[in-house]
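Heads up: the structure comes next, in structure tokens.
Read the numbers this way: they start at 1 and go in the same order the structure lists the ligands and their atoms. If you're wondering where the values come from, they're calculated on a predicted model, not measured in any experiment.
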Amino acid sequence: MELTRRQLLQATGIGAGLGMGLRAGPLLAAGTDTVRKPYQMQRLVHGVAYYPELWPEEDIDKDIAEMRKLGINVVRMGEFAWSSFEPQQGKVSFDLFARVMDKMQAAGIGVVLCTPSATPPIWLTDGHPERCHKDENGVIMSHGARQHASYFHPIVKQACFRIIKQMAETLGKHPALVGWQLDNEIKCHVAEDFSDAAIAAWHPWLKQRFGRIEKLNEAWGTHVWSQYYQRFEQVPAPFKTPFLHNASLSTAYKMFCREGASEFLFEQRQILRRYSSAPITHNDNPAFNLHHEKQMEALDFASYDAYPNDKQWGSLVFRSDLYRAAIPGRPFWLMETSVSHNGWLGNHQPPHPEGFLAAESVLVYGLGGEAFCYWLWRQQRSGAELPHSAVLSAWHEPSIGYSQVLKVNETRQQLEPLLVEYAMAPAEIAVTFSDHARAMLETENLDKRDGFPSRYRDVVAMWHSQVQQLGYHRDVRFENASLDGLKLLITPAMPYVSPEFLHRVMEFVQQGGIWIAGPVTGTRGKEHTVPTDAGLGLLDDFAGVHTRFVVPLTNTGTEAEAFDQRFEISGWCAAMTPKPGTKVMGMIRTGVAAGNAFLTERMLGKGKVVVLGAQPHGEQADGVMQQVIKHYAQEAGVAAPVQASKGIVVSPRINSQGKPLWVAINMQPETGELSLPAGARDAISGEKLGLSVSLNQYKWRAIQFSL
Ligand code: GAL
């Protein structure tokens with residue numbers, strides 16, 4: 001049900017005090033065909049992507065011997081092997097993979113099998129351009145790379161589902177099988193699909209959403225530029241036009257395609273489940289063009305890929321915090337990372353510095369990862385990724401990263417007993433990630449300032465990194481995730497605030513939580529229109545503000561004041577006045593909106609609703625964001641943060657007796673200091689530690705405390 005504005009006002013005590021039964025809207029089900037059971041991690045996985053179909057079969061025994069030396073305990077196979085399984089349509093054999101799995105089983109190495117839908121063989125699309133993905137310029141993707149087929153095309157789907165069924169029937173109960181991966185990085189190379197097959201699915205999607213075309217016309221305001229439609233079938237996909245499409249249509253098309261990709265994964269899951277009970281995942285990454293949150297319905301555990309260089313290690317922290325929270329209680333996997341240098345035709349990056357790979361593994365395992373896996377085992381002999389590093393060279397010798405892989409294994413062996421005993425501690429602060437907000441910000445980039453993140457995920461990551469730098473443990477939680485356990489929730493750049501979301505936030509706040517609605521939040525309606533009853537839609541009343549203007553301050557040098565500091569603000573700004581009971585915490589001091597508030601707070605139940613209506617900018621920006629976070633974290637009763645130099649990441653863990661363990665690592669070149677409570681000792685060497693400890697770059701410690 002849609003919570004109406006009136007109902008919300010009543011519920012928050014702003015309107016006439018009528019008793020009423022509030023109910024949250026439909027949330028994504030956690031778990032689908034299987035109930036997600038409590039999970040006890042047994043070991044740390046050290047894995048690698050393996051392509052036996054590309055090499056002589058007699059190399060397998062040598063590979064396995066090498067893998068054992070390196071402590072590789074899982075291989076992932078099959079994601080691009082469809083043409084080996086089925087070189088001619090209907091002539092299917094999984095014999096090679098069955099033999100490899102037997103050998104892996106004998107060697108104590110588990111296997112993750114991937115469904116091969118990312119690379120259909122030539123016979124599926126040869127002479128059939130209509131089965132291929134088409135981009136917004138009408139360019140049809142050709143066979144030869146990956147992700148060229150349209151998953152909306154019924155014949156493509158049928159062929160994918162048939163090979164998946166055969167694969168699951170034949171290999172789905174093999175004792176070496178420890179998991180399934182659906183597809184591979186779905187929609188990482190392509191965005192929205194404009195094929196006829198996609199458009200044929202677009203119209204029913206709209207019909208289901210709106211029922212009658214009049215409703216769509218009304219919701220999208222289609223008399224603007226005479227877009228008005230008489231039938232759903234007339235609604236175009238957002239192909240190139242002389243100027244821009246209606247924002248509602250652009251955002252809706254992204255959501256349609258992304259939901260479609262997630263549904264395709266879900267359908268794959270259902271097939272696998274008929275023949276195999278092994279847990280299912282997909283190697284995701286926030287950049288891909290699918291509905292990330294909806295995708296979780298298809299998964300038993302989340303996994304992600306990341307290829308950072310030594311300066312980009314923050315992406316491991318962000319993604320670990322996102323994918324850990326995606327399926328609560330179930331550790332995530334890092335499914336792919338580079339042993340050393342990344343590379344593809346026309347590009348290569350420098351090799352990782354000494355020690356970086358093991359440091360990455362400490363971050364990932366420490367932050368709740370069960371697995372740390374490489375792409376790939378043996379350098380490609382052919383294809384488009386010849387320059388990419390691997391554990392072994394194409395000539396089957398240890399590569400430049402081999403010694404680092406050994407180091408990861410030593411690290412894993414040290415961490416394993418501790419991390420099996422100590423699970424990840426729950427976070428009290430979260431930053432919201434919304435797939436809908438992402439689509440909206442791609443349609444309408446809301447801040448055009450130099451140096452400001454242009455992508456939604458980078459805006460979320462910017463807030464996340466401020467929380468991390470302050471030393472707080474944190475989650476990144478999807479829009480529909482439960483707010484359980486949290487004390488502070490920060491929601492940056494979420495233009496549409498749904499009644500369902502607000503309902504959950506309301507309960508959270510009433511019980512003592514503090515919600516910070518960050519810049520841009522509330523500025524658009526569900527169908528990507530401008531709210532017409534208040535500047536921030538439902539948020540105005542919820543937060544006890546009257547939004548007078550929503551005004552772009554980018555490059556205006558506008559100054560504001562809060563927490564005894566004067567600083568620049570930028571981007572779209574909600575210039576507000578308080579309603580009775582609301583406190584102004586920050587004022588705009590210069591420029592066209594001077595004299596209005598940009599930071600407000602309102603008590604609601606035991607908690608607070610805070611609106612930060614504009615983005616602090618310039619040299620003081622980080623300091624101001626941190627001030628806001630710290631102030632409200634303290635008010636919300638969040639546990640005191642860890643005190644550490646920049647670049648030190650501390651992952652708090654806890655065992656079944658409630659005893660804490662920290663995994664701390666310094667990712668920066670400068671030596672850093674970490675303050676410790678009394679009674680700390682190194683969990684591996686047993687050494688007693690004082691009230692602080694120095695960490696050089698990539699130096700890590702697991703630390704226990706006698707309480
Ligand atoms: C990943 C992909 C792998 C390989 C790797 C190279 O995105 O899943 O198949 O291409 O990149 O870095």
Looking at ligand 1, does Phe80 have a heavy atom less than 4.0 Å from it? yes

Assess the pair Phe256 and Tyr253: is the distance between their ring centroids shorter than 6.0 Å? yes

Could you tell me whether the side chains of Glu192 and Asn289 share a donor-acceptor contact shorter than 3.5 Å? no

Measure Gln349 to ligand 1 on non-hydrogen atoms and call it side chain, backbone, both or neither using the 4.0 Å cut-off. neither

State whether the shortest distance between N or O atoms of Tyr51 and N or O atoms of ligand 1 falls below 3.5 angstrom. no

Please report which non-hydrogen protein atom sits nearest to atom 10 (O) of ligand 1, along with the residue it belongs to and the distance in Å to one decimal place. Glu385 OE2, 2.5 Å

Any ion pair linking Arg378 and Asp59 (charged N to carboxylate O, less than 4.0 Å)? yes

Any atoms of ligand 1 less than 4.0 Å from a non-hydrogen atom of His388? List them with their elements. 6 (C), 12 (O)

Output the distance between atom CG (Leu124) and atom OG1 (Thr119), rounded to the nearest 0.5 Å. 11.0 Å

So which protein heavy atom does atom 9 (O) of ligand 1 come closest to, and at what separation? Arg146 NH1, 2.8 Å

Would Phe301 and Tyr323 count as a ring pair (Phe, Tyr, Trp, His ring centres under 6.0 Å) here? Give the steps. CA-CA 9 Å; Phe301 67 98; Tyr323 291 97; over 10 Å; no

Quick check: His148 with His143 (ring centres under 6.0 Å apart)? yes

Do Phe161 and Phe264 have ring centres separated by under 6.0 Å? yes

Atom 1 (C) of ligand 1: closest protein heavy atom, distance to 0.1 Å, is Glu336 OE1, 3.0 Å

The protein heavy atom nearest to atom 5 (C) of ligand 1 is Tyr307 OH, 3.3 Å

For Glu185, the ligand 1 atoms whose distance to one of its heavy atoms is below 4.0 Å: 1 (C), 2 (C), 7 (O), 8 (O)

Non-hydrogen atom of Glu79 closer than 4.0 Å to ligand 1: no

Asn342 to ligand 1, any heavy atom closer than 4.0 Å: no

Is the Lys NZ or Arg CZ of Arg324 less than 6.0 Å from the centre of Phe332's six-membered ring, within 45° of the axis? no

